[in-house]
There are 2 protein chains.
Amino acid sequence: MAYPAAWLRGASLGEAIACELRLSIIMGTIKGGEKLSENRIAADFGTSRSPVREALRTLSDEGLIRLERMGAVVLGLNEEEVDELFDVRYLIESFVQERLSRMDRDSVIIQLERIIDKMTLAAKHLDAEEFAYQDFMFHETIIAEAKHSRIWQLWRSIRQIVLALMLVTTQRVFKEGPERIDRVIAKHSVILQGLRTGNKEEIQQQVRNYFEDSFITLHNSFGQS
Amino acid sequence: MAYPAAWLRGASLGEAIACELRLSIIMGTIKGGEKLSENRIAADFGTSRSPVREALRTLSDEGLIRLERMGAVVLGLNEEEVDELFDVRYLIESFVQERLSRMDRDSVIIQLERIIDKMTLAAKHLDAEEFAYQDFMFHETIIAEAKHSRIWQLWRSIRQIVLALMLVTTQRVFKEGPERIDRVIAKHSVILQGLRTGNKEEIQQQVRNYFEDSFITLHNSFGQS
DNA sequence: GCGCTTTAACCTGTATACAAGTACACAACG
DNA sequence: CGTTGTGTACTTGTATACAGGTTAAAGCGC
């Protein structure tokens, strides 16, 4: 599986290399402990060291690798670290939703409705890539609408990992059949419904439910793989 | 005011340039809206574009500037954005302390005691730089001890800004006299005391108090400047 | 065979070079 | 005077070159 070319439109070589490497690390094609050298990667991708250097810095900022004196060592994402990523996602979305509950939500609700429509369409066409992307956009839209510069920055620092992870897990979900896919859509609808009510406690409860459910699903998925 | 040279030991040129620029932006020497060019900065610092490029990426990741097609535009930190930064700090420390309350805290308590001693010493010698650094280390130590890879990553994405901000505010505090300095030390002692008790609710209350107080102090400080 | 020294390959950090694209000013023209 | 076109200067993204340092292994003495 390669990184969807459509997601790389307008990206520089450095970003593209970062995306490819990130996906390889998340899928386990590149294993934890492995050592990466700028020269070797540059040779592999047929580029110079400059974009590779940029890519390695990106992955280092994301915590997927650690830059050392010589070479970069791959840290990878084990099950526990994925859990921790979900901790952070929950922390961010919980904060953001609390904030949204005190704001005008008309705009975000309309956007989320459209996104759910697109998810439904992608499910119909069995387009896992598009589905994963819309799933991603659903959450990104909510976070963006809270209009909190620092929270947005936190999101930026994990968004690419989240996207790559969604791509992988969505493809697993699609293999499990349509009822599983529908459940994912339903989960998002519940979040949207909570936002519509504007009830702070209910929204928080919905978000908690969402992540608890995702958590369990994820572990089952890990157990199988 | 320049960035303390002692804090740059072992740093690459790129990191050093990032620190200098960051401080200039936070102090307002470089104002929001201003446009930065790699070439001009490289000329100013007497280096090539490579480290400057790295520095600009760092500042972009930190949300202090925005990289555009041509030139980078300075975003700066107004009062509201500092508030938002404190939102994030509170979010992180609150999470971390909850986690710590369920862990063995002996090690972190000893470390924090030592840090408070160093703060007291720095206060005695009126060494604002050292005081700011120990203040910073106090919080960083707490976060590190929670041993949560993703939370640590979030912290990493704001730690340099926090450090620079602490340097600026600490120097203001030092100008206001010793009683203000002692209050800062006392605030940290309260946090430490909360950690000693291990009582979850009390710890959370202490952390909330700390940030509410910092919040108010900060706004007063902003009002004066 | 084992340990020490030396050397050679390789790595990163930084500098420089080149190419493609963008903005802006200025001039020519309607 | 307004508009359009062109040219120039400056920008970033990428490639290449160089310097200093680290690793590792090859070679040699024992």
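The chains referred to below are lettered A, B, ... by the order of the sequence lines, with proteins before strands, and numbering in each begins at 1. Nothing here was measured: the structure is a model prediction, and the numbers come from that model.
Atom CD of B:Glu84 is separated from atom CG of B:Asn78 by 8.0 Å, given to the nearest 0.5 angstrom.
Rounding to whole angstrom units, CD of residue A:Glu15 and P of D:dG13 are separated by 9 Å. Rounded to a whole Å, the NZ atom of A:Lys35 is 14 Å from the P atom of D:dT22. Computed from coordinates, the B:Glu68 CD to C:dG21 C1' distance equals 16 Å when rounded to whole Å. Across the protein-nucleic acid pair, B:Phe45 atom CZ and C:dA15 atom C1' stand 17 Å apart, rounded to whole Å. Distance B:Glu54 CD to C:dT14 C1': 10 Å, rounded to the nearest Å. B:Leu67 places its CG atom 19 Å from the P atom of C:dG21, with the value rounded to the nearest Å. Atoms CD (B:Glu38) and P (D:dT14) sit 12 Å apart, rounded to a whole Å. Between the P atom of C:dC11 and the CD1 atom of A:Ile65 lies a distance of 15 Å, rounded to the nearest Å.
Among the nucleotides C:dA15, D:dC10, D:dT14, the one closest to any side-chain atom of B:Pro51 is C:dA15. Residue A:Arg53 places its side chain closer to C:dT14 than to any other of C:dT14, D:dT22, D:dG13. Distance from the side chain of B:Ser48 is smallest to C:dT14 among D:dG21, D:dA15, C:dT14.
Between the side chains of B:Arg57 and A:Thr58, at least one donor N or O sits under 3.5 Å from an acceptor N or O.
Contact annotation for A:Ser12: backbone-only contact, meaning every heavy-atom pair under 4.0 Å involves sugar-phosphate atoms and none involves a base.
One finds a side-chain N or O of B:Ser37 lying less than 4.0 angstrom from the OP1 or OP2 phosphate oxygen of D:dT11. Put simply, A:Arg49 has no side-chain N or O that comes within less than 4.0 Å of OP1 or OP2 on D:dT14. Contact annotation: A:Ser50 does not reach the phosphate of D:dA15 (side-chain N/O to OP1 or OP2, under 4.0 Å). Taking side-chain N and O atoms only, B:Asn39 has a distance below 4.0 Å to OP1 or OP2 of D:dT11.
Counting distance only, with no hydrogens placed and no angle test, the side-chain atoms of B:Arg69 and the base atoms of D:dG13 include no donor-acceptor pair under 3.5 Å.
Of the listed residues (A:Phe131, A:Trp155, A:Trp7), just one forms a ring-ring contact (aromatic ring centres under 6.0 Å, His included) with A:Phe136, and that residue is A:Trp155.
Within 6.0 Å of atom CZ in B:Arg114, 12 or fewer heavy atoms from other residues, nucleotides or ligands are found, so the atom counts as exposed in its surroundings.
A donor-acceptor pair under 3.5 Å is absent between the side-chain atoms of A:Gln171 and the main chain of A:Val168, judged by distance alone.
Along DNA chain D, the nucleotide nearest to B:Met70 and the one nearest to A:Leu13 differ in position, and the one closer to the 5' end is contacted by B:Met70.
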